[in-house]
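Report on the following structure.
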Amino acid sequence: MCGITGWISYDRDLTQQRVQLDAMTETMACRGPDASGAWLDRHAALGHRRLAVIDIEGGTQPMVVPTDDGPVTITYSGEVYNYTELRDELRRRGHRFLTRSDTEVVLHGYLEWGEAVAERLNGMFAFAVWDSRVEKLVMIRDRMGVKPLYYSSTDDGVLFGSEPKAILANALADRAVDLEGLRELVSFTQTPGSSVWCGMNEVVPGGVVTVDRSGLRERRYWTLPTRPHTDDRKTTIATVRELLEDIVGRQLVSDVPRCTLLSGGLDSSVITALAAAKLGRPGEHGEPGEKVRSFAVDFAGRENDFVADELRGTTDAPYAREVGAHVGSQHRSIVLDHAAIADPAVRRAVITARDSPLSLGDMDASLYLLFQAIREQSTVALSGESADEVFGGYRWFHQPEVQAAQTFPWMAVFVSGARAQVSDRFNADITAALDLPTYIRDRYSDAVGEVERAEGESDHEMRMRVMCHLHLTRFVRMLLERKDRISMAVGLEVRVPFCDHRLVEYVYNTPWSMKSFDGREKSLLRAATADLLPASVLNRTKAPYPATLDPHYTGALLQQSKELLASDDPVFDLVDRSWLEDITRQDSGAMPIDIRNGMERVLDLSTWLDIYRPEIRL
């Protein structure tokens, strides 16, 4: 996994802009701690930070193929899991390869098929190709948007990068946030193509952006398709299993140490079990198999102090250990204490990684610390992320009142009156100017308008298709962005098998009645993998990523908030100071979790303002 950036300018000589390109590239040193590269031509400057995973010696970038009409150059981030098949096909078509890397395969694929190479790739990727033969930049992003890619138009070209910080490092970038950016930030709508920063957009998942002298153009090579599903239940279950085995097998390919993230829930346990079975098999030449490594996060004293609530009925640790023993993994729990999670330096690292003040507080901090510990032993991790979106795993999928709600389902559950809780921290003037209820209503209408109804589909089946589509095109994007930014902040590549587009398309078009045939969440996934896991895990009720309940953590937040109130921090130009003052008068031991979360958001916002010093245009 890597970080990519670049600058296209048709009115400048960019060969003189090495210092500026290096500044953009250096912002993503964490994404690529192994190497840095730059390539400059008159109108194109491409930068790259490398995390070496495949072909350690041969995969350096930017990578160039000379042609009779000029060089074609790529800066690439991600992994293509079918690159060996594509390389064989390209060889048959006359292409010669100098490395074992998937980067070279993608570049030769562009030479053979142009922009249409995207449709042949299976994986998570974001890359940019400068084709000097026609002076054109082509930016392409994977179908589900696992890997990020942003761009900002200039008067004579474009700036781009894996993260906004790379673009913001260029003097031409507009380091400002307006009301539209704030709306997107706090509304939890995750509008495709949007960005918090003025003048900046993301390449949409499954999107292609081209830039040449005539301007910038966008198109999509993939959207979530509606297709008839003719397989019966037995065949559907078998197909899901077959796809999962193929996907996990492909995503285990690595020249560096790999592992799995194991919470003890169904999703991560399935990935760990499949990985253990694949790695445990003897090699082609009789060499012994290997044990998969698995990691979990836990909190000091959690098993003794845990109190079940509406979201979390059980702790993860016993189930993770049971799965580890069942499949024979080398399992380790990373145990965190409240002081580490509340450390302002960790908050600063998380906010820097995310480029925005939108975080999940202690859950992001603990994820950062977990990934940091894993990175000491592994470079690649397989995650169960996105299974809930693909298979309908959230409880609210099965709640009639949420099914009927004319808003984003997660808002019907967590937000009162279609108003984002995170906005509560703003002062009254900004809250009124944002008008979030209208913004959310409009974005919801846009999202529903994207869904194509299947022929003969009942109203209920169509409604459930809408719910699935909203999760696969909006909600999952929030989780994938969080995963990518926080993992790459420590140089860990996290792969997401459940985001393979073949699986996503197949399950999306399976009728809801079949997805919930046993009256529970994730019926198909459970049935397809029942032979792999202990009964306790198969029957376990879903629990979300854990949050610390330690009152000492809340106490640390209270102290930090009091210190903030004693300062003249610019956060109070946005936040209602009296709101935070009222919070700090409460007892940390009795503070409701939503109030604590609001306090976290204010501290996050203050940290973001200090790091980025943005101009706020209201």
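The residues of the chain are indexed from 1 along the displayed sequence.
Looking at R87, its side chain never comes within 3.5 Å of a backbone N or O of E104 through a donor-acceptor pair. With hydrogens and angles disregarded, a donor-acceptor distance shorter than 3.5 Å links the side chain of R601 to the backbone of S359. Between the R175 side chain and the E615 main chain, no donor and acceptor come within less than 3.5 Å of each other. Checking side-chain atoms of D156 against main-chain N and O of D11 turns up a donor-acceptor pair under 3.5 Å. Judged by distance alone, with hydrogens and angles left aside, the side-chain atoms of S386 form no donor-acceptor pair with the main-chain N or O of E389 at under 3.5 Å. When atom types are taken as modelled, the side chain of E385 and the backbone of R495 share no donor-acceptor pair closer than 3.5 angstrom. A distance-only check finds no donor-acceptor pair linking the side chain of R477 to the backbone of P192 [under 3.5 Å]. Judged purely by atom type and a 3.5 angstrom limit, S132 uses its side chain to pair as donor or acceptor with the backbone of P71. Side-chain atoms of K515 come within 3.5 Å of backbone N or O of V507 as a donor-acceptor pair. Looking only at distances, a side-chain donor or acceptor of H43 sits under 3.5 Å from a matching main-chain atom of R12.
M144 places none of its side-chain heavy atoms less than 4.5 Å from the side chain of V496. Side chains of V80 and V105 form no contact here, defined as non-hydrogen atoms less than 4.5 Å apart. Between E79 and V253 the shortest side-chain heavy-atom distance does not fall below 4.5 Å. L382 places a side-chain heavy atom less than 4.5 Å from the side chain of V248. Considering only heavy atoms from C-beta on, R120 stays 4.5 Å or farther from E112 through its side chain. Between F498 and L244 there is a side-chain heavy-atom pair separated by less than 4.5 Å. For the pair I440/F188, no side-chain contact is recorded, criterion being any heavy-atom separation below 4.5 Å from C-beta on. Put simply, the side chain of R133 reaches to within 4.5 Å of the side chain of V72, judged on heavy atoms.
Interatomic distance, CG of L40 versus CG of L46, reported as 8.0 Å (0.5 Å rounding). How far OH of Y508 is from OG1 of T226: 4.0 Å, rounded to the nearest 0.5 Å.
Between R183 and D435 there is no salt bridge, since no side-chain nitrogen of the basic residue lies less than 4.0 Å from a carboxylate oxygen of the acidic one. At a threshold of 4.0 Å, the pair E457-R465 counts as salt-bridged, since one of the basic side-chain nitrogens sits closer than that to a carboxylate oxygen. In this structure, E26 pairs ionically with R49, as a charged nitrogen and a carboxylate oxygen lie closer than 4.0 Å. Comment: D355 engages K165 in a salt bridge, judged by a side-chain N to carboxylate O separation of less than 4.0 angstrom.
Ring geometry for F475 versus Y394: interplanar angle over 60°, hence perpendicular rather than tilted (30 to 60°). The aromatic rings of W608 and W197 are tilted relative to each other, their planes meeting at an angle between 30° and 60°. Classification of the F127-F125 ring pair by plane angle, with boundaries at 30° and 60°, yields tilted.
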Open item on the list: Could you walk me through whether M467 and W396 satisfy the side-chain contact (heavy atoms from CB on, under 4.5 Å) test, starting with their C-alpha distance in whole Å, then the side-chain angles of each, then the deciding distance to 0.1 Å, before giving a yes or no?
Closed with: CA-CA 10 Å; M467 285 190 68; W396 59 71; 4.3 Å; yes
Open item on the list: Quick one, D174 with R617, criterion salt bridge (Lys or Arg N to Asp or Glu O under 4.0 Å). Give me CA distance, side-chain angles, the key distance, then yes/no.
Closed with: CA-CA 12 Å; D174 190 2; R617 296 174 183 161; 2.9 Å; yes
- [ ] Begin with the C-alpha distance, continue with both residues' side-chain angles, and end with the deciding distance and a verdict on side chain to side chain donor-acceptor pair (under 3.5 Å) for T103 and Q61.
- [x] CA-CA 8 Å; T103 304; Q61 295 186 52; 3.2 Å; yes
TODO: Tell me, with the steps shown, if D484 and R31 meet salt bridge (Lys or Arg N to Asp or Glu O under 4.0 Å).
DONE: CA-CA 10 Å; D484 173 85; R31 293 188 76 92; 2.9 Å; yes
Open item on the list: Quick one, R453 with D459, criterion salt bridge (Lys or Arg N to Asp or Glu O under 4.0 Å). Give me CA distance, side-chain angles, the key distance, then yes/no.
Closed with: CA-CA 10 Å; R453 187 169 192 153; D459 289 345; 2.7 Å; yes
- [ ] Would you check, one step at a time, whether the test side-chain contact (heavy atoms from CB on, under 4.5 Å) holds for R250 with N82?
- [x] CA-CA 8 Å; R250 289 177 181 275; N82 63 332; 3.7 Å; yes
- [ ] Go through the steps to decide whether R42 and E135 satisfy the test side-chain contact (heavy atoms from CB on, under 4.5 Å), and finish with yes or no.
- [x] CA-CA 10 Å; R42 183 171 180 81; E135 293 191 328; over 6 Å; no
TODO: Evaluate salt bridge (Lys or Arg N to Asp or Glu O under 4.0 Å) for D246 paired with R502, printing each intermediate quantity in order.
DONE: CA-CA 11 Å; D246 178 72; R502 298 170 298 163; 2.9 Å; yes
Task: Candidate pair V390 and L472, rule side-chain contact (heavy atoms from CB on, under 4.5 Å), full reasoning - done: CA-CA 7 Å; V390 174; L472 290 168; 3.9 Å; yes
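Between the side chains of E184 and T191, a donor-acceptor pair is found at a separation under 3.5 Å. No side-chain donor-acceptor contact under 3.5 Å links D102 and Y81. Side-chain atoms of Q403 and W512 include no donor-acceptor pair closer than 3.5 Å. In summary, the side chains of D131 and Y110 do present a donor paired with an acceptor at a separation below 3.5 Å, with no hydrogens or angles considered.
With sequence neighbours excluded, the residues forming a salt bridge (Lys or Arg N to Asp or Glu O under 4.0 Å) with R219 are E115, listed by chain and number. D142 is linked by a salt bridge (Lys or Arg N to Asp or Glu O under 4.0 Å) to nothing, counting only residues two or more places apart in sequence or in another chain. With sequence neighbours left out, the ring pair (Phe, Tyr, Trp, His ring centres under 6.0 Å) criterion links Y444 to F408.
Closest heavy-atom contact between P409 and L470: CD-CD1, 3.6 Å. Taking each heavy atom of T75 and T5 in turn, the nearest pair found is CG2-O, 4.2 Å. Closest approach of S487 to F371, counting heavy atoms only: CA-CD1, 3.4 Å. Across R220 and P205, no two heavy atoms sit closer than the pair NH2-O, 2.8 Å. For the pair W39 and D41, the tightest heavy-atom approach, listed with the atom from each and the gap, is CH2-CB, 3.4 Å. Taking all atoms of both residues into account, the shortest heavy-atom contact from A381 to L261 is CB-CD2, 4.0 Å.
Other residues, nucleotides and ligands place no more than 12 heavy atoms under 6.0 Å from the CD atom of E242.
A cation-pi arrangement is present between R482 and Y545 under the rule of less than 6.0 angstrom and at most 45 degrees off the ring axis.
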